[in-house]
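Following: one structure in structure tokens, then a few remarks.
A note on names: the letters A, B, ... follow the listed sequences, proteins ahead of strands, and every chain is numbered from 1.
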Number of protein chains: 4
Amino acid sequence: MSFNTFGRAFRFTTWGESHGPALGAVVDGCPPGLALSEADLQPWLDKRRPGTSRFTTQRQEPDQVRILSGVFEGKTTGTPISLMIENVDQRSKDYSDVAKAYRPGHADYTYDAKYGFRDYRGGGRSSARETAARVAAGGVARLVIPEVRIRAYVVEIGGDAIDRAAFDDAQIDANPFFCPDAAAALRWEALVDAARKAGSSLGAVVECVATGVPAGWGAPIYAKLDSDLAAAMMGINAVKGVEIGDGFAAARLRGEENADPMRPGENGLPEFLANHAGGVAGGIATGQPVIVRIALKPTSSILTPVPTIGSDGEATEIQTKGRHDPCVGIRAAPVAEAMMALVLADQKLLHRAQCG
Amino acid sequence: MSFNTFGRAFRFTTWGESHGPALGAVVDGCPPGLALSEADLQPWLDKRRPGTSRFTTQRQEPDQVRILSGVFEGKTTGTPISLMIENVDQRSKDYSDVAKAYRPGHADYTYDAKYGFRDYRGGGRSSARETAARVAAGGVARLVIPEVRIRAYVVEIGGDAIDRAAFDDAQIDANPFFCPDAAAALRWEALVDAARKAGSSLGAVVECVATGVPAGWGAPIYAKLDSDLAAAMMGINAVKGVEIGDGFAAARLRGEENADPMRPGENGLPEFLANHAGGVAGGIATGQPVIVRIALKPTSSILTPVPTIGSDGEATEIQTKGRHDPCVGIRAAPVAEAMMALVLADQKLLHRAQCG
Amino acid sequence: MSFNTFGRAFRFTTWGESHGPALGAVVDGCPPGLALSEADLQPWLDKRRPGTSRFTTQRQEPDQVRILSGVFEGKTTGTPISLMIENVDQRSKDYSDVAKAYRPGHADYTYDAKYGFRDYRGGGRSSARETAARVAAGGVARLVIPEVRIRAYVVEIGGDAIDRAAFDDAQIDANPFFCPDAAAALRWEALVDAARKAGSSLGAVVECVATGVPAGWGAPIYAKLDSDLAAAMMGINAVKGVEIGDGFAAARLRGEENADPMRPGENGLPEFLANHAGGVAGGIATGQPVIVRIALKPTSSILTPVPTIGSDGEATEIQTKGRHDPCVGIRAAPVAEAMMALVLADQKLLHRAQCG
Amino acid sequence: MSFNTFGRAFRFTTWGESHGPALGAVVDGCPPGLALSEADLQPWLDKRRPGTSRFTTQRQEPDQVRILSGVFEGKTTGTPISLMIENVDQRSKDYSDVAKAYRPGHADYTYDAKYGFRDYRGGGRSSARETAARVAAGGVARLVIPEVRIRAYVVEIGGDAIDRAAFDDAQIDANPFFCPDAAAALRWEALVDAARKAGSSLGAVVECVATGVPAGWGAPIYAKLDSDLAAAMMGINAVKGVEIGDGFAAARLRGEENADPMRPGENGLPEFLANHAGGVAGGIATGQPVIVRIALKPTSSILTPVPTIGSDGEATEIQTKGRHDPCVGIRAAPVAEAMMALVLADQKLLHRAQCG
């Protein structure tokens with residue numbers, strides 16, 4: 001059963017296919033009285049937008065968002081906010097290859113297995129274009145949590161990681177990789193170019209950090225903040241792993257190394273001497289930065305031919321031509337930010353519901 | 001807002017604290033007519049039960065489950081199945097230490113930050129004892145998916161990993177570590193003993209595999225099978241990371257390495273030549289084994305004193321005496337199996353709802 | 001917290017205001033493979049459409065529905081179906097009266113009390129125009145339940161009831177009142193005309209019957225079929241009462257009068273000798289026709305001046321000019337049909353989820 | 001699919017059968033820090049308890065409620081509150097009649113149609129005993145809404161209505177009928193006695209009023225306060241109709257009669273000159289008393305033999321011996337109060353979530 005709605009209190013529902021006339025999101029449960037116009041959302045969409053460098057797909061989509069409801073005289077009314085983005089560059093290409101055979105790594109086979117048939121044009125609903133709707137909804141979510149600052153950046157491409165010592169927040173928007181390390185960004189240019197020219201693709205690791213999250217947001221037991229984040233992030237196209245704080249590295253620490261000791265801090269709040277926990281304990285925010293890291297597989301659409309079967313069940317080969325990101329991980333950064341915002345907005349309202 | 005219910009079609013709600021009179025789960029949406037008695041559930045609880053070896057907490061809990069409703073003449077009726085486990089060994093120890101200061105790594109501080117106060121006896125609701133209720137509910141879930149076989153095992157403790165070449169399914173139940181590699185199990189005895197004696201603790205990595213999951217279970221976009229598994233697994237106490245298939249390693253593969261090529265197989269189904277994807281594509285099962293790996297931090301309860309603050313906001317130190325697992329990751333294996341079963345049972349019913 | 005989503009398995013989310021650019025619904029969870037085009041939905045919208053007779057509002061809205069997603073090559077794909085209806089006749093009238101004072105019986109005051117301000121143009125989100133989106137979604141729902149036939153008709157206007165002995169199904173679409181009794185329809189012409197000319201308005205009672213609902217749809221305890229229908233129907237604008245079967249009259253029967261005796265019928269199914277229950281027992285369909293009756297208050301928008309207060313808290317009077325239905329109950333008939341279809345589609349899928 | 005959970009923010013899940021060992025409710029989402037003990041819940045259960053007069057079933061159930069979780073040092077902790085009531089008087093009677101044939105008006109046939117078999121002992125899950133769990137949960141809900149006073153009373157039995165002019169709040173608890181009119185209560189003694197002796201049963205109308213509900217609780221469009229109340233009330237056993245405010249009578253008023261005019265009142269709030277709306281407009285509370293009326297059919301368990309079919313499909317007759325309420329409507333009054341409290345507690349938290 002498809003569930004295209006996310007969230008409990010602050011909820012959004014997305015719709016639309018890669019090659020349909022439009023896609024969109026309906027945001028429900030948004031607090032009233034927030035100043036909102038298209039100009040608040042467009043910058044986030046522009047970050048995710050394809051075609052902005054040679055390292056992303058060359059599909060040209062302006063991704064102009066329209067607000068169709070829920071705003072009156074420049075403010076949210078508390079009723080559903082309908083956001084729509086028209087698809088513009090649905091190139092009239094020949095999809096007969098994709099229609100006839102399953103691309104390994106894509107959802108072609110599984111959609112057919114589930115639904116009996118599929119919209120094969122550009123991946124239909126399984127296309128990463130759907131994330132544009134999340135980014136738009138995430139822009140609304142950010143207005144709900146003005147106390148929080150969210151930042152996602154790429155920390156590794158094709159196994160080549162940044163130097164944490166060279167981390168420079170200002171670099172993130174200064175290169176086409178959302179890379180906080182200028183030297184790594186230079187290396188990645190060559191790396192991604194080479195992969196693209198070879199008809200191959202690369203994976204990536206993206207880190208997303210939210211600062212300003214108050215201690216207390218989150219909840220036991222099945223709406224834990226880290227549990228919600230895991231669902232939100234694993235649901236992004238191509239994500240295969242999620243870590244909170246030290247993640248898998250924590251499994252290699254001893255108890256005394258992994259502890260985040262506390263001492264009295266300012267304003268009666270504790271000061272933590274470490275953040276192995278990534279800002280979450282028992283499913284509830286500690287007040288430290290909330291840190292999530294996600295692993296993205298290399299783009300499945302590659303020019304290299306791969307053995308597969310056709311819709312007729314016969315053996316064949318497929319190579320995926322067309323316009324594709326050589327590293328889908330790059331454009332996942334603004335999507336991760338949106339999902340972080342959406343989870344936190346929801347948890348803020350949930351906390352307020354129960355605890356006033 | 002606390003959400004102690006998990007699932008959409010096959011749902012369960014858990015309740016209970018570490019030191020209350022009992023804990024339990026209410027399972028709702030279960031198909032009617034399934035043969036069910038306490039004897040179907042007890043073996044799973046016995047696997048998770050504390051006090052069975054010196055490598056787990058010495059708290060003695062028989063964890064006897066009772067079925068209070070939803071079963072008539074030995075079969076599920078389709079109405080809620082209430083499962084209850086009484087707490088027996090709530091040792092009348094002195095909790096004044098824990099009452100007065102926050103244990104780093106525990107949910108003490110965050111529960112106080114959220115709720116204003118907390119049940120400090122044994123961690124209250126944040127105790128891993130809650131997972132007994134999940135294991136009981138998971139036992140019901142298994143009956144809903146007889147086509148599936150689920151197996152979880154520990155693949156790494158304190159950074160010491162198993163040898164995949166030595167993997168022996170029969171070993172898993174032959175040692176106190178759910179370890180499929182006999183040699184590793186021997187090494188872990190010494191490792192865990194040393195940590196325990198040093199008043200320290202160790203982390204672990206657990207892998208959980210479900211075979212027999214039919215292609216088609218799962219769903220776009222916010223009820224993806226991998227997204228649901230990520231939420232389910234990240235919500236287990238002490239888990240800090242979740243991987244599907246190759247997980248973070250996939251981020252270091254090239255597109256052609258990460259592809260899972262297909263060829264015609266038996267019964268009209270495809271045969272996959274690899275399973276980097278871990279059995280999920282586009283959020284929907286491929287028919288291959290569903291593979292999840294989780295990272296568990298070292299137990300936060302350690303004898304080593306750690307700087308912290310008291311409930312009064314003053315600086316202090318805390319060392320956690322009492323009966324604790326030196327490696328919580330071990331007993332997480334049966335819990336991971338339960339969560340896998342619960343997610344799959346839910347997805348099976350969801351699939352049936354939409355696709356007949 | 002606003003909830004603009006209805007349903008559990010077959011779900012829809014509506015958005016849009018009376019005077020915004022458009023309104024719509026996103027239908028989620030729809031089974032795949034159903035033939036669907038705009039032509040399947042438009043006839044239902046045309047029934048609800050305003051301006052078709054002098055007995056409804058003179059606002060001219062073509063209510064043309066567009067399908068923006070979820071359909072490929074003429075069939076539903078199983079992904080969200082986005083339906084959009086543009087608003088055309090948002091007459092540029094002067095809303096300063098409504099902006100400055102609360103219309104009794106409308107949601108003006110309560111929206112302000114809840115949200116702090118409101119979109120006052122034509123009632124904003126509280127306008128009955130929102131029901132156009134339900135009717136469109138209901139058209140999709142009908143395709144999910146081809147075994148069911150749904151029929152709603154008006155049985156009473158302004159206290160003048162139809163003669164049940166004169167009930168003629170063919171009459172329902174033959175007059176502007178969805179009235180199954182030709183003589184009553186004639187009387188109502190005069191009745192409604194007189195009310196309209198007097199600047200007054202009339203209430204109505206609408207009955208909605210679904211035949212072909214199989215025994216077994218529905219569920220204990222909080223998703224009872226009658227409970228879902230009550231929520232669905234009470235949520236229609238202006239509805240103040242809901243009855244299942246004999247409804248309030250059942251409270252005046254004795255046990256033996258109210259029983260619906262059974263005897264063996266065809267195909268192994270029971271034959272019922274009465275249907276006081278209205279097709280539901282214990283929240284589950286009996287296989288008999290499902291019968292719901294709803295009471296609609298007279299339109300609150302009347303020319304007669306009514307004492308009220310302004311947004312400034314001062315005493316004033318208001319008379320509602322503009323284009324209004326003299327009897328909103330009439331156009332509620334197609335809306336009641338849609339809600340019946342939406343509830344039944346959801347219950348069909350829920351039943352299939354649990355019981356296969 | 002059975003849904004035994006009710007509510008969105010303040011939620012409860014009930015479980016248990018008439019003749020199982022116990023029944024109960026798990027309350028989730030309750031705000032922390034509320035003083036709560038069994039003594040806060042027992043008085044409400046005592047009102048609903050059977051066997052307190054000759055006008056209710058003679059089954060003797062103490063209905064002692066136990067709190068198993070979610071309370072620490074006398075206060076709610078914000079975690080799930082598990083409430084359990086043991087069944088004591090499950091008389092070891094012979095159920096072979098009920099096992100073999102369907103009682104008209106009961107859920108016997110529909111449970112079989114849905115689930116393939118049923119727990120026939122005392123109606124199993126469909127028994128009104130389930131409402132004891134709601135009343136217990138409702139007791140918790142009341143603590144969440146101390147600003148609200150809720151009162152339900154019987155206004156009609158067997159067609160014999162109270163005299164509104166004789167309404168005396170103090171009478172409600174002074175007779176076995178929750179009747180606010182002393183003279184009517186006297187008449188009903190004879191009426192109910194006669195029905196009981198004749199092996200028949202009577203229906204009733206119950207009214208439930210909540211005062212102190214602040215303007216602003218409730219929500220568009222599918223979580224309307226009146227919509228939620230309709231679902232909550234229609235889900236009570238034997239209920240066949242629900243009215244808000246004037247209900248069906250509103251359908252017979254003209255617009256100007258039905259308006260609830262306003263004038264400036266105290267504390268900046270409006271004063272309403274009437275309450276035809278029953279305290280709800282556009283799904284949101286107006287600040288006036290919230291008024292709900294429900295119709296309850298006569299008890300289906302009657303001594304009078306009724307034609308029916310057996311589980312084998314053959315024609316037979318059934319008369320329902322045993323201990324039954326001659327008028328189930330009487331004990332519905334405390335249940336209606338509980339459902340009102342549960343809906344309002346949920347709506348209060350939902351309102352706080354969105355609007356702060």
When [options] are compared by non-hydrogen pairs under 4.5 Å with chain B, the top option:
options                                : value
A/Thr5, A/Val280, A/Ile318             : A/Thr5
A/Leu225, A/Val306, A/Asn258, A/Val292 : A/Asn258
A/Val239, A/Thr299, A/Ile309, A/Ile302 : A/Ile309
A/Ala249, A/Gly158, A/Pro270, A/Gly116 : A/Pro270

Heavy-atom pairs under 4.5 Å with chain A: which of [options] has the most?
options                                : value
B/Leu202, B/Asn237, B/Leu253           : B/Leu253
B/Gly282, B/Gly313, B/Ala295           : B/Ala295
B/Glu243, B/His276, B/Met234, B/Met262 : B/Met262
B/Ala215, B/Ala277, B/Pro264, B/Gly310 : B/Pro264
B/Ala198, B/Gly159, B/Ser201           : B/Ser201
B/Gly255, B/Ala107, B/Gly203, B/Gly245 : B/Gly255

To check you understand the geometry: which heavy-atom pair defines the closest contact between [X] and [Y], and what is its length?
X        : Y        : answer
B/Asn4   : A/Ile221 : OD1-CG1, 3.0 Å
B/Ala251 : A/Val205 : CB-CG2, 3.9 Å
B/Lys114 : A/Cys355 : O-SG, 3.4 Å
A/Ala259 : B/Pro104 : CB-CB, 4.4 Å
A/Ala231 : B/Ala231 : CB-CB, 3.7 Å
B/Ile294 : A/Phe248 : C-CE2, 4.1 Å

message = What I'd like to find out is whether the side chain of B/Pro220 reaches to under 4.5 Å of the side chain of A/Tyr115, using heavy atoms alone.
response =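 Yes, their side chains come closer than 4.5 Å.
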query = Heavy-atom distance under 4.5 Å between the side chains of A/Glu256 and B/Ser200, does that happen here?
reply =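 Side-chain contact under 4.5 Å: yes.
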Need one label for [X]: side chain, backbone, both or neither, based on atoms under 4.5 Å from any heavy atom in chain A.
X        : result
B/Glu257 : neither
B/Lys224 : side chain
B/Thr286 : both
B/Val242 : both
B/Thr304 : side chain
B/Tyr102 : both
B/Leu296 : backbone
B/Asp260 : backbone
B/Ala204 : backbone
B/Glu317 : neither

message = Using only atom types and a distance under 3.5 Å, with no angle test, would you say the side chain of B/Lys240 pairs donor to acceptor with the backbone of A/Asp246?
response =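 No, the answer is negative, given that no donor and acceptor are paired below the 3.5 Å cut-off.
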query = Contact part of A/Tyr109 toward chain B, heavy-atom cut-off under 4.5 Å: side chain, backbone, both or neither?
reply =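 Looking at A/Tyr109, just its side chain touches chain B.
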request  = Side chain from CB out, backbone as N, CA, C, O: work out which of these in A/Glu156 comes under 4.5 Å of a heavy atom of chain B, or both, or neither.
outcome  =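 Only the side chain of A/Glu156 comes within 4.5 Å of chain B.
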task = Verify whether one side chain among A/Tyr222 and B/Arg11 offers a donor that lies under 3.5 Å from an acceptor in the other.
result =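 The criterion, which ignores hydrogens and geometry beyond distance, is not satisfied for B/Arg11 and A/Tyr222.
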query = Out of curiosity, B/Thr308 OG1 to A/Leu273 CG, how far, rounded to the nearest 0.5 Å?
reply =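 Rounded to the nearest 0.5 Å, the OG1-CG separation comes to 9.5 Å.
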